Q: 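Let me begin by handing over the structure; questions about it come next.
If you're wondering where the values come from, they're calculated on a predicted model, not measured in any experiment. In what follows, chains are A, B, ... by sequence order, proteins preceding strands, each numbered from 1.
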Number of protein chains: 2
Amino acid sequence: MPVEPVPTHDARLAVSTVIFALRRDEASGLPSLWIPLVRRTRDPYLDDWALPGGWLPDDEELSDAAARTLGETTGLAPKYLEQLYTFGALGRSPGGRVVSVVYWALVQSDEAERATTDENVRWCAADALGRLAFDHNRIVEYALWRLRTKMEYARIAHAFLGDTFTLAQLREVHEAVLQRRLDPANFRRTMEASGTLVDTGERLSGTPHRPPKLYRYDASIDLADAGPLARTRALGNGAHPDRGETDPILPHPRMRA
Amino acid sequence: MPVEPVPTHDARLAVSTVIFALRRDEASGLPSLWIPLVRRTRDPYLDDWALPGGWLPDDEELSDAAARTLGETTGLAPKYLEQLYTFGALGRSPGGRVVSVVYWALVQSDEAERATTDENVRWCAADALGRLAFDHNRIVEYALWRLRTKMEYARIAHAFLGDTFTLAQLREVHEAVLQRRLDPANFRRTMEASGTLVDTGERLSGTPHRPPKLYRYDASIDLADAGPLARTRALGNGAHPDRGETDPILPHPRMRA
DNA sequence: CCAAAAGTGTTACACCTACACCCATGT
DNA sequence: ACATGGGTGTAGGTGTAACACTTTTGG
C-alpha cells in the first residue's frame with residue numbers, strides 16, 4: 001500500500017459556470033446563445049474576460065457555489081444546472097495550480113434581457129467571444145457542444161422559457177441552439193410523444209393569426225433516463241449530470257436475441 | 001465585484017478510479033463485470049473496502065493520477081480512461097472536506113485475470129459489492145450506468161479485448177455489459193456499418209467449428225463524435241470525456257426543415 | 001377575403017428486429 | 001457425417017423526414 005500523507009500544499013479548488021441565455025438579434029430577429037463574462041480584476045489575465053466563478057468556500061456545496069456566482073454576476077437563478085467537467089491541467093493557470101470544477105447553466109431568457117450589466121459584466125454571443133482568460137475558450141467550446149448534444153435527446157429547452165410556452169416558442173429554442181430549422185409538424189409530434197408537455201387549456205391571444213395552445217413542462221416523466229445521480233438536488237426543474245456522455249443516449253433498444 | 005482572497009484552508013483534492021474488467025464466471029461460463037477494491041488502512045472507514053485512489057499530487061495531471069493508482073492496485077495499464085464526475089458533497093468524508101475527481105477505466109480482461117491480488121486488493125462483481133467506504137457505492141453505481149449507457153452508442157467494447165478479436169468476442173463483451181443477448185447477425189452488421197472494424201485477414205483457428213475472422217479496431221473514425229475535449233490525450237486507444245452525458249447521443253438526425 | 005401561423009394527415013424511406021438459411025471447420 | 005458457431009439474405013415493424021392540406025385568428 002502506498003503511504004497516504006495529508007498534503008501540505010494542495011492545488012487550489014475553484015468553481016466556474018458557463019451560463020447560457022437566448023437573446024434575440026435586433027437585425028435578424030432570430031434568437032441565439034449568449035453568455036455572461038466577468039472582467040478579471042487581478043493579476044493573472046488582469047482586465048481580460050473570464051467565466052464567472054471563484055474559490056470554493058469550505059462550507060459550500062459545489063453546485064451551490066456555481067449557482068451563487070451565477071446569481072452574483074447575472075442577478076438570476078438558474079433554471080437548469082449541471083456539472084460539466086473538471087479542468088485541472090498543470091499549466092492552465094500561471095502561478096500555482098488551480099483545479100476548476102465547471103458547471104453549465106440555463107437561465108430564463110426574458111429575465112436575462114434585463115440582467116445585470118455593469119462595467120465588469122458583459123454578455124457575448126457564445127460563438128463569437130474574444131480571447132478569454134485561462135483555458136476558458138476551451139471550456140465554453142465544450143459546454144456548447146454538451147448543450148447542443150444534450151438538446152437532441154433530453155428535454156431541457158423549456159429552461160430558457162417561462163412557466164408556460166407555445167410549441168412555436170419551444171421550437172424556436174431548439175432551432176437557435178441546434179442552428180437549423182425544424183419542421184413544425186414533426187416537432188409537434190416529437191414533443192407530444194415525449195409525454196413531458198401538459199396542455200394548460202389556455203391559449204396565447206394577440207397574435208396576428210390563430211392563437212396557439214400554451215403548454216407547461218412536466219418534470220415527472222424525464223427522471224427515468226437521467227441516471228443514478230438525478231435524484232440528488234431538485235432545483236425547480238431538472239438538475240442531473242449527463243447521461244453522459246451522456247451521452248446518451250437513450251433513444252433506441254438494440255438488436256435483441 | 002466580490003473579493004477573491006486566496007483560501008487559507010481549502011478542501012482537499014483526491015482522485016479515485018472505478019476500474020472495470022470482464023471476468024468469466026466458473027459456473028455459468030458467462031463473463032461479467034468486476035472491479036478491484038482496496039482495503040482502507042487508516043481511520044475513516046478503517047478496514048472497509050474502497051475505490052483505488054489517493055490525494056492529488058501537486059505536479060501530476062488528473063488523468064495521470066488516475067492511471068497511476070490504477071497501475072498501483074492492479075499492475076495494469078488502462079485501455080480506456082475517462083473522467084466520470086467530481087464528488088464534493090459536504091458530508092461525504094468524516095473529518096474534513098474532500099473533493100474527489102473520479103475517473104472510470106476499462107482494462108484488458110485476460111490481463112486482469114492474472115492481476116495483483118494481495119491481502120489489501122480484492123476483485124468483486126460490480127453488481128454485488130458489499131458496503132463500501134465513503135460514498136463509493138453511489139460512485140460505482142453511476143460509473144456502471146455510464147458504462148452501460150455509453151456502450152450503446154460509443155465503440156469502447158474493444159478496450160476489454162486484445163489487439164485483435166473476433167466478432168463473437170466483441171459481442172460477448174456487449175452482452176456482458178448490457179446484460180442481455182444480442183442477435184449475432186444484426187450485431188455483425190451494426191459493427192461493420194460503424195466503420196471502426198478492420199479485417200486483419202487472419203482467422204482464429206482451433207475452434208471446433210468454422211474459424212472466425214480476426215478484426216482490429218480503427219480509432220481514426222470515432223473521434224468525430226467524441227466532442228471538443230477528445231483530441232486531448234491520445235492514450236493508446238480512445239480517451240475522451242463523455243458526450244456527456246452523452247451522452248450520446250449521436251445516433252440520429254432530427255426533423256429537418 | 002387574405003395572409004400567416006396553428007395544427008392534421010399521408011407517404012416514402014431508413015433502420016432495426018427477427019428469423020430462415022447456407023458455409024466451413026473439428027471431431 | 002454431423003454438430004456448432006460463422007456468416008448472409010430477407011421480410012415485417014417502427015419511427016423520422018418531407019410535404020400537402022385544413023383550421024383559425026387578425027387585419
Q: Rounded to whole Å, how long is the line connecting atom CG of L214(A) with atom P of dA5(C)?
A: 18 Å

Q: Pick out the pairs of N or O atoms, protein on one side and nucleotides 22-26 of chain D on the other, that lie under 3.5 Å.
A:
{"unit_1": "dT23(D)", "atom_1": "O2", "unit_2": "R210(A)", "atom_2": "NH1", "d": "2.9"}

Q: Calculate the interatomic distance between L197(A) atom CG and dG7(C) atom P; express it in whole Å.
A: 12 Å

Q: To the nearest angstrom, how far is F187(B) atom CZ from dC15(C) atom P?
A: 18 Å

Q: Excluding sequence neighbours, so at least two apart, what forms ring-ring contact (aromatic ring centres under 6.0 Å, His included) with Y103(B)?
A: none

Q: Can you name the residues that form a side-chain contact (heavy atoms from CB on, under 4.5 Å) with A168(B), not counting sequence neighbours?
A: T166(B), R171(B)

Q: Rounded to the nearest angstrom, tell me the gap between atom CZ in R171(B) and atom P in dG7(D).
A: 10 Å

Q: Roughly how many Å is it from CE in M191(B) to P in dG6(D), rounded to a whole number?
A: 15 Å

Q: With sequence neighbours left out, write down each residue that passes side-chain contact (heavy atoms from CB on, under 4.5 Å) with A77(B), or none if nothing qualifies.
A: none

Q: Donor-acceptor pairs under 3.5 angstrom involving side-chain atoms of residues 201-216 of chain B: please list them, not counting sequence neighbours.
A:
{"unit_1": "R203(B)", "atom_1": "NH1", "unit_2": "P211(B)", "atom_2": "O", "d": "2.8"}
{"unit_1": "T207(B)", "atom_1": "OG1", "unit_2": "H209(B)", "atom_2": "O", "d": "3.0"}
{"unit_1": "K213(B)", "atom_1": "NZ", "unit_2": "D199(B)", "atom_2": "OD2", "d": "3.4"}

Q: Atom CD of E175(B) to atom C1' of dG5(D): distance rounded to whole Å?
A: 13 Å

Q: Kindly determine whether H174(B) and F187(B) satisfy ring pair (Phe, Tyr, Trp, His ring centres under 6.0 Å), including the steps that lead there.
A: CA-CA 10 Å; H174(B) 281 255; F187(B) 182 80; 5.0 Å; yes

Q: Atom CZ of R181(B) to atom P of dT17(C): distance rounded to whole Å?
A: 16 Å

Q: For the residue pair W104(B) and F20(B), does the interplanar ring angle fall in the parallel (under 30°), tilted (30 to 60°) or perpendicular (over 60°) class?
A: perpendicular

Q: Can you name the residues that form a side-chain contact (heavy atoms from CB on, under 4.5 Å) with T73(B), not counting sequence neighbours?
A: I19(B), V38(B), P52(B)

Q: For nucleotides 8-10 of chain C, give me every protein contact, N/O to N/O, under 3.5 Å, one pair per line with atom names.
A:
{"unit_1": "dG9(C)", "atom_1": "N7", "unit_2": "R189(A)", "atom_2": "NH1", "d": "3.1"}
{"unit_1": "dG9(C)", "atom_1": "O6", "unit_2": "R189(A)", "atom_2": "NH2", "d": "3.0"}

Q: Could you work out, with side-chain contact (heavy atoms from CB on, under 4.5 Å) as the rule, every residue matching E111(B), not counting sequence neighbours?
A: L76(B), Q108(B), R114(B)

Q: Roughly how many Å is it from CD in E152(A) to P in dT16(D), rounded to a whole number?
A: 13 Å

Q: Does W34(B) have any ring-ring contact (aromatic ring centres under 6.0 Å, His included) partners at least two apart in sequence or in another chain, and if so, which?
A: none

